[in-house]
Number of protein chains: 2
Amino acid sequence: MAKQNTVFKDAFNRCLKLLEQTANLPSEPELGATLGISRTTVRAILTRLEEVGLLTWEKRRKIVLRKPVAADYFPTEETDSLSEIIERSFMRRILAGGAEPGMQINELELAREIGIGTTSVREFLIRFSRFGLIEKRPNSHWVLKGFTRDFALELTEVREMFELRSATAFARLPEDHPAWQELDAIEAVHHAILADIENRYRDFSELDERFHLLVHRASKNRFIVDFYDVIAIVFHYHYQWNKTNARERNARALEEHLAYIAALRSRDPIEIELACRQHLKSARETLLQSIN
Amino acid sequence: MAKQNTVFKDAFNRCLKLLEQTANLPSEPELGATLGISRTTVRAILTRLEEVGLLTWEKRRKIVLRKPVAADYFPTEETDSLSEIIERSFMRRILAGGAEPGMQINELELAREIGIGTTSVREFLIRFSRFGLIEKRPNSHWVLKGFTRDFALELTEVREMFELRSATAFARLPEDHPAWQELDAIEAVHHAILADIENRYRDFSELDERFHLLVHRASKNRFIVDFYDVIAIVFHYHYQWNKTNARERNARALEEHLAYIAALRSRDPIEIELACRQHLKSARETLLQSIN
DNA sequence: CGTTTGTCTTTTATCGACAATAGACAGATT
DNA sequence: AATCTGTCTATTGTCGATAAAAGACAAACG
């Protein structure tokens, strides 16, 4: 196999979802734009829709013959891109498994274990190296620096610098900047989750990322925004891994976010700094607790 | 060719340099440690030394037969690693050549132009992407964001945050920390260059990197230290590219460094902040001038 | 007994090949 | 006239293969 056809399979599934709602398919270019893929892949999807008897397709005439059923979808395991698979597999190893700092990382072994080629593993490790968890010895192996206390402290130190600056910049955004609307939307979701915290506390992780990314974007600095990737991936896997007291922790974080949002609205630098620091401090503590 | 033997050639050349000074070669492991290579490569070097009649080698008996001459060395073009070649080639294109922001970057074209495989180009681009100058469209090309005014401003904004914090941390290093000695050594080189500025002003670039890296290291934060790579590469190529008023500019920077070093020694936070800001401000201005 | 050497195995860096995907262009359709 | 479709080409993502380099281990040496 030269290239996985995960783009095709994933887009096919999303196309089926579209078909559940509407029985009308737009033109090829439009469908491509909707699904975020090229026309080549759109046509591959249409061809398959015809093959499985969901569609008659001739030039512009596209007639949906029936509603899609579960069996029409590709299994979700097949729709993940290779890099997602590698990332998950790798993170599980270094977060969950007994991964000692200083351990060697072997490209070939990793590749065999996941069942993929070495090229993909190498490219992943290179991309991943910017997260500061691994380091390359040229012409030799990678070294795992580990998800240690030091790592967490260094990460949060930079995070606090960047987020304070971003929050200050946020307050200076013009009244009509779309970020304020997005902030309203985010605040509403906070209230919604808090109102049903027992069932919905797991939705916090995604919301957290959405909120902080919005704040960071206000810095209009690519390095600050890019750095948020590091924070996001660490917290993402941290939430998956450490579930102790998740409900209470998330509830508290939601409240802190609300205070933080209110401070942003006030545009008062002092208040913003206070609310921001307060929240970042508890985020840091949560992270540190999960390490030791 | 599967792998370049640049490690061998480069180490061979360095070994010849050793032979110019001493006529005695140590054991294989020791030589390997000196040259920073494995024993396998050491033995390849010894074999070649024998082939070209520089050495008789049998087990522990290594007898140097003559001094190496210029013709014994591998040409320098052959000792650069592939990634260095790609980097130079790429930087020339995007800094010197008419590289408009928004331009597409084509892996295949780049590879053909440099005369190497696509894998190496891809890996380079992935590594390079953390410098914020290019961006990937998945399943499609890379986009050049360009060495623009915005780029320089964003870069220097973060640089200033990081360096101020590092400088403050530097002042808190214990009296006996090796960084203070290194600072003395660096200061001495400053005086030496200033004393012969007409001839030596080109040495500033390297010294600049050495000094600022030392300061950044005091932060003991991998993200801050790693970020210095971005600064270093930008200034490195910037110095190569923009030579107008280089002598005066470097002389001024050297003076600013000396003031900055004195401030660090004073350990007075206010003085440090002042000297640091002053220097970073002119560094930023120099960079900006070269852009428009 | 601690190094050093000889030999062998494993891993990395790089290439070329090929399927998946993107993208270009001319002719067809409304 | 604008958009869509058919067809074709170019580029990306991934693999396996291979030379260079690293590294393991036992026998030899001092």
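Here is the naming used below: chain letters follow the sequence lines, and residue numbers restart at 1 for every chain.
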Original post:
Is any side-chain N of the basic residue among D229(A) and R130(A) closer than 4.0 Å to the acidic one's carboxylate O?
Top reply: yes

Between [X] and [N], does any side-chain N or O lie under 4.0 Å from OP1 or OP2?
X       : N       : answer
T6(A)   : dA20(C) : no
K3(B)   : dA22(D) : no
H141(B) : dG23(C) : yes
T41(B)  : dA22(D) : yes
T118(B) : dT11(D) : no

Side chain of [X] only, please: which of [options] is the nearest?
X       : options                   : value
A2(B)   : dC15(C), dC15(D), dT18(D) : dT18(D)
S38(B)  : dA21(D), dT14(D), dT5(D)  : dA21(D)
I116(B) : dC15(C), dA19(D), dA22(D) : dC15(C)

Grab the [atom1]-[atom2] distance between [X] and [N] for me, whole Å please.
X       : N       : atom1 : atom2 : value
Q104(B) : dT12(D) : CD    : P     : 9 Å
E107(B) : dT14(C) : CD    : P     : 16 Å
K9(B)   : dA19(D) : NZ    : C1'   : 13 Å
W57(A)  : dC4(D)  : CH2   : P     : 14 Å
I45(A)  : dA22(C) : CD1   : C1'   : 14 Å
L82(B)  : dA19(D) : CG    : P     : 17 Å
W142(B) : dT21(C) : CH2   : P     : 19 Å
L125(B) : dT11(D) : CG    : P     : 14 Å

**OP:** Assess whether one donor atom and one acceptor atom, taken from the side chain of K59(B) and the base of dT5(C), lie less than 3.5 Å apart.
**Re:** no

Original post:
For DNA chain C, what residues of residues 25-36 of chain B have any heavy atom nearer than 4.0 Å?
Top reply: S27(B), E28(B), P29(B)

Original post:
Mapping P138(B) and G117(B) to their closest nucleotides on DNA chain C, which lands nearer the 5' end?
Top reply: G117(B)

**OP:** On DNA chain C, check which nucleotide each of N5(A) and R60(B) is closest to and give me the residue with the more 5' one.
**Re:** R60(B)

May I ask you to test the [X]-[Y] pair for a side-chain heavy-atom distance under 4.5 Å?
X       : Y       : value
F151(B) : T148(B) : yes
L35(B)  : L18(B)  : yes
F12(B)  : L16(B)  : yes
Y239(B) : D208(B) : yes
V230(A) : V158(A) : no

Tabulate atom names and distances for all N/O pairs under 3.5 angstrom spanning the protein and nucleotides 7-10 of chain D.
none

Original post:
What nucleic acid atoms does E109(B) come within less than 4.0 Å of, heavy atoms only: base, sugar-phosphate, or nothing?
Top reply: nothing

Original post:
How is T119(A) classified with respect to the nucleic acid when contacts are heavy atoms under 4.0 Å: base, sugar-phosphate, or nothing?
Top reply: base

Original post:
For E206(A), does the CD atom have more than 12 heavy-atom neighbours from other residues, nucleotides or ligands under 6.0 Å away?
Top reply: no

Original post:
How are the rings of H238(B) and F235(B) set to each other: parallel, tilted or perpendicular (split at 30° and 60°)?
Top reply: perpendicular

Original post:
Any idea how H212(A) and H216(A) line up, ring-wise: parallel (<30°), tilted (30 to 60°), or perpendicular (>60°)?
Top reply: perpendicular

Original post:
Nearest nucleotide by nearest heavy atom, which residue falls closer to the 5' end of DNA chain D, R61(A) or S140(A)?
Top reply: R61(A)

Subject >> Main-chain N/O of P75(B) paired to E78(B) side chain as donor or acceptor, under 3.5 Å >> reply: no

Original post:
With respect to D10(B), which candidate in N5(B), T41(B), T79(B) satisfies the side chain to side chain contact (heavy atoms under 4.5 Å, CB included) definition?
Top reply: T79(B)

